[in-house]
Amino acid sequence: MFEEIKRRTGLGNAFDRVRNTDKETKETKETKSGGDLSAREKNKERPCPKCKAPLLGRVVKANYYVCPVCGGYYRVHAYRRIEMIIDEGTFEEWNKEMPIVDPLHFPDYEHKVEETRQKTNLNEAVVTGRGKIYGYDTVIAVCDNRYLMSSMGHNMGEKIALAVERATAQRLPVIIYAASGGARMQEGMISLMQMAKTSAALKRHAKAGLLFVSFLTEPTTGGVTASFAMLGDIILAEPGALIGFAGPRVIEQTINQKLPEGFQRAEFQLEHGFVDQIVERRDQKEVLGTILKAHSGENSWQQWTRKGGEKPDRVNLFAEAASALAADPEALPPKSRKAPFSGTMRQVTLDKIDRRHQEPWDVVRQSRKSGRPTSMDYIETLFEDFQEFHGDRYFGDDGAVVGGIAFFGGMPVTVIGQERGRDSQDSVNRKFGMSSPEGYRKALRLMKQAEKFNRPIICFVDTPGAYPGMEAEERGQGEAIARNLFDMSDLRVPVLSIIIGQGGSGGALALAVSNEVWMMENATYSILSPEGFASILWKDAKKADEAAKVMKITAEDLYKLGTIERIICEDEPATAANLLQISEIIDRHMRNFFAACAEKSPEELVNQRYDRFRKC
């Protein structure tokens, strides 16, 4: 049977690990509290919650309590969750024992709570404490739905609030694994007040500039969804988890309709912009460790000059460029608007471009070529450990904009790019890089997050323009672009924008209110397309090639106009074949950019960005 399951699912390692991970038998009581499985439990069949396939307990445990047949997720006890996530021997539990609170003197409530405590060996529906994930300290709270469906009463709200307050005092991040059926009815309005209590505690934690990661598991509903669970700086979810305010049965009874398949599941919430990332259980510790590392305060941009830029832990694709910088870290460019691209280097690049005798219309066509590297190509080449985050937290997720956190030479950064797609179907799905309001709002959300946690921002611009659809107008396309221009202008971290293909109108500018704007040699940056320009001014779209000349939209023209700071030379038009070579050049210039930024205070960065546009 096992061999058949291994063949069908490709998850044979889960079964192979069983032979190597059996440990000494522990007491049954330890199993109750969420520790290792007892000998009896290891050899007991545990039906999958989805497909009902009978599986040995040790097989389920070895596969992180995920069915290897259908991928269905078992609900995990709080202590087991902590065992899976927190470094061994580092967990210190807080507020383990709390007296029963029965504010309404509800009939049989105290008896029911005491009975639940005996059955689950839990004092309350949440376990809180402090531990380490890959050596990074964090406060963690894990809900356990064995305890009255993890409904939130006074003690659960109090334990979460106390943990968050202690995290604030100790300046620690908070991770909460949410799972709840909602409010605890037996406590009435006192239960409802826990929503405000936990939210207020998290607000103080946020104002202190600290990280909160919310992890949504099956099920997260009711008052928990409408309070702490949806307030994370980063919101993660397990695959297929039920996430919503009103329960599915309540909705169906209210509207008298059958809900569609997948409604309120994690994938639904990702599509609708409320979840950053869905994370498989086997990957959760690694993802959380990467997030904690990025928010640890290590290797900030202010330290870049002193360190000369760290080499990444992985094989450095740009060793030669990094070595050149490290060999002469004091050789910083002089301070002027065109400083990073001046003197001999500037003249050599401009001479190269001039000798190529490219017509502006040829550059337009090159910028639109399907084989040009996309934002994701540059992100994957230039940065390490990229974690993509989704959604605008209001309406949806826009595939035309990608963004998240990554590392550049060991420094945490926020990376955002307009993504036009790598093949025909991908391009259609991403609307050819034409962003909708939710794309711009996602980008701005990530930028504000970067400012809170003091991360530099790198934007890759590649769009024909903002998406012109009716639904985009209904959701406020103009407002979304305007808000980006408004809020980007005073971000207190370095902002760099690189135009790698088309820089179409306000749709491009919405990601280019930066301290510096660079352009690839075969990129364009324009008020609108040459076809649109010719159609409006000359009533003849066929004169697009003439329009491209007079519009001054090439990198060379715009550098001379003073609207960009650097041209990235393309000895051959950018393709997958020379991506690494071009990325090496960008890598070297980015290191110089951050070295120059490290000499400025946040106020000076804001003022420099303001002056940059004030001179136009």
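These values consider heavy atoms only, across backbone and side chains, with no hydrogens, waters or symmetry-generated copies. We're numbering straight along the sequence, starting at 1. Just so we're clear, the structure is a prediction, and the values are computed from it rather than from any experiment.
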Item to check | Interatomic distance, Asn454 atom CG to His295 atom NE2 [nearest 0.5 angstrom] | outcome: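 If we round to the nearest 0.5 Å, Asn454:CG and His295:NE2 are 11.0 Å apart.
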Next on the checklist: If you apply the rule side chain to side chain contact (heavy atoms under 4.5 Å, CB included), what do you find for Tyr74 with Leu55, and how did you get there?
Outcome noted: CA-CA 12 Å; Tyr74 288 73; Leu55 297 165; 4.0 Å; yes
Whether [Y] and [X] form a salt bridge (side-chain N of Lys/Arg under 4.0 Å from carboxylate O of Asp/Glu) is what I want to check.
| X | Y | result |
| --- | --- | --- |
| Arg166 | Glu92 | yes |
| Arg171 | Asp137 | no |
| Arg75 | Asp144 | no |

Residues in salt bridge (charged side-chain N to carboxylate O under 4.0 Å, His left out) contact with [X], at least two apart in sequence or another chain:
| X | result |
| --- | --- |
| Lys448 | Glu451 |
| Asp392 | none |
| Glu479 | Arg441, Arg483 |
| Glu124 | Arg184 |

Next on the checklist: Would Ser375 and Arg420 count as a side chain to side chain contact (heavy atoms under 4.5 Å, CB included) here? Give the steps.
Outcome noted: CA-CA 8 Å; Ser375 291; Arg420 55 185 170 78; over 6 Å; no
Next on the checklist: Strictly by salt bridge (charged side-chain N to carboxylate O under 4.0 Å, His left out), give each pair with a member in residues 94-115 just once, sequence neighbours left out.
Outcome noted: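 Salt bridge (charged side-chain N to carboxylate O under 4.0 Å, His left out) check on residues 94-115 returns no pairs.
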Item to check | Any residue meeting side-chain contact (heavy atoms from CB on, under 4.5 Å) with Phe91, in chain and number order, not counting sequence neighbours | outcome: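 Phe91 satisfies side-chain contact (heavy atoms from CB on, under 4.5 Å) with Ile82, Ile86, Glu93, Val127, Ile140 only.
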Heavy atoms, side chains only, cut-off 4.5 Å: are [X] and [Y] in contact?
| X | Y | value |
| --- | --- | --- |
| Glu380 | Phe386 | no |
| Cys459 | Met447 | yes |
| Cys48 | Cys70 | yes |
| Ile457 | Val413 | no |
| Tyr177 | Ile175 | yes |
| Phe268 | Ile243 | no |
| Phe212 | Leu231 | yes |

Nearest atoms (heavy-atom pairs only) where [X] meets [Y]:
| X | Y | value |
| --- | --- | --- |
| Tyr467 | Ala472 | O-CB, 3.6 Å |
| Ala167 | Leu210 | O-CD1, 4.0 Å |
| Asn123 | Tyr147 | O-OH, 3.2 Å |
| Ala163 | Val139 | O-CG1, 3.9 Å |
| Met434 | Ala400 | O-CB, 3.7 Å |
| Phe453 | Gly209 | CE2-O, 3.6 Å |

Looking at [X] and [Y], would you say the former's side chain and the latter's main chain have a donor-acceptor pair under 3.5 Å?
| X | Y | value |
| --- | --- | --- |
| Ser505 | Gly507 | no |
| Thr220 | Leu216 | no |
| Glu419 | Met376 | yes |
| Ser435 | Tyr440 | no |
| Ser436 | Glu438 | no |
| Glu238 | Phe215 | no |
| Ser150 | Ala179 | yes |
| Asp426 | Arg422 | yes |
| Asp276 | Ile235 | yes |

Under the rule for side-chain hydrogen bond (donor to acceptor under 3.5 Å, both in side chains), what residues qualify as partners of [X], not counting sequence neighbours?
| X | value |
| --- | --- |
| Glu165 | none |
| Asp397 | His390, Lys442 |
| Lys285 | Asp87 |
| Glu388 | none |

Item to check | Working for side chain to side chain contact (heavy atoms under 4.5 Å, CB included), residues Lys452 and Asp233 | outcome: CA-CA 10 Å; Lys452 174 181 176 181; Asp233 295 296; 2.8 Å; yes
Is it the case that [X] and [Y] place a side-chain donor and acceptor less than 3.5 Å from each other?
| X | Y | answer |
| --- | --- | --- |
| Tyr64 | Glu280 | no |
| Thr414 | Arg455 | yes |
| Gln418 | Arg430 | no |
| Asn63 | Arg281 | no |

Item to check | Met185 CE: over 12 foreign heavy atoms closer than 6.0 Å | outcome: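 For Met185, atom CE is not crowded (no more than 12 foreign heavy atoms under 6.0 Å).
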Item to check | Working for side chain to side chain contact (heavy atoms under 4.5 Å, CB included), residues Leu104 and Glu187 | outcome: CA-CA 6 Å; Leu104 305 187; Glu187 295 188 21; 5.5 Å; no
Which pairs would a plain distance check flag for residues 244-264, meaning a side-chain donor or acceptor within less than 3.5 Å of a matching protein atom at least two apart in sequence or in another chain?
from   : atom 1 : to     : atom 2 : distance (Å)
Glu252 : OE2    : Leu259 : N      : 3.1
Thr254 : OG1    : Val250 : O      : 2.7
Gln264 : NE2    : Ala246 : O      : 2.9

Next on the checklist: Once side-chain hydrogen bond (donor to acceptor under 3.5 Å, both in side chains) is applied, what residue pairs with a partner in residues 196-219 remain, sequence neighbours excluded?
Outcome noted: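 For residues 196-219, and leaving out neighbouring residues, the side-chain hydrogen bond (donor to acceptor under 3.5 Å, both in side chains) pairs sorted by first residue read Glu158-Lys197, Gln194-Lys197, Glu218-Arg265.
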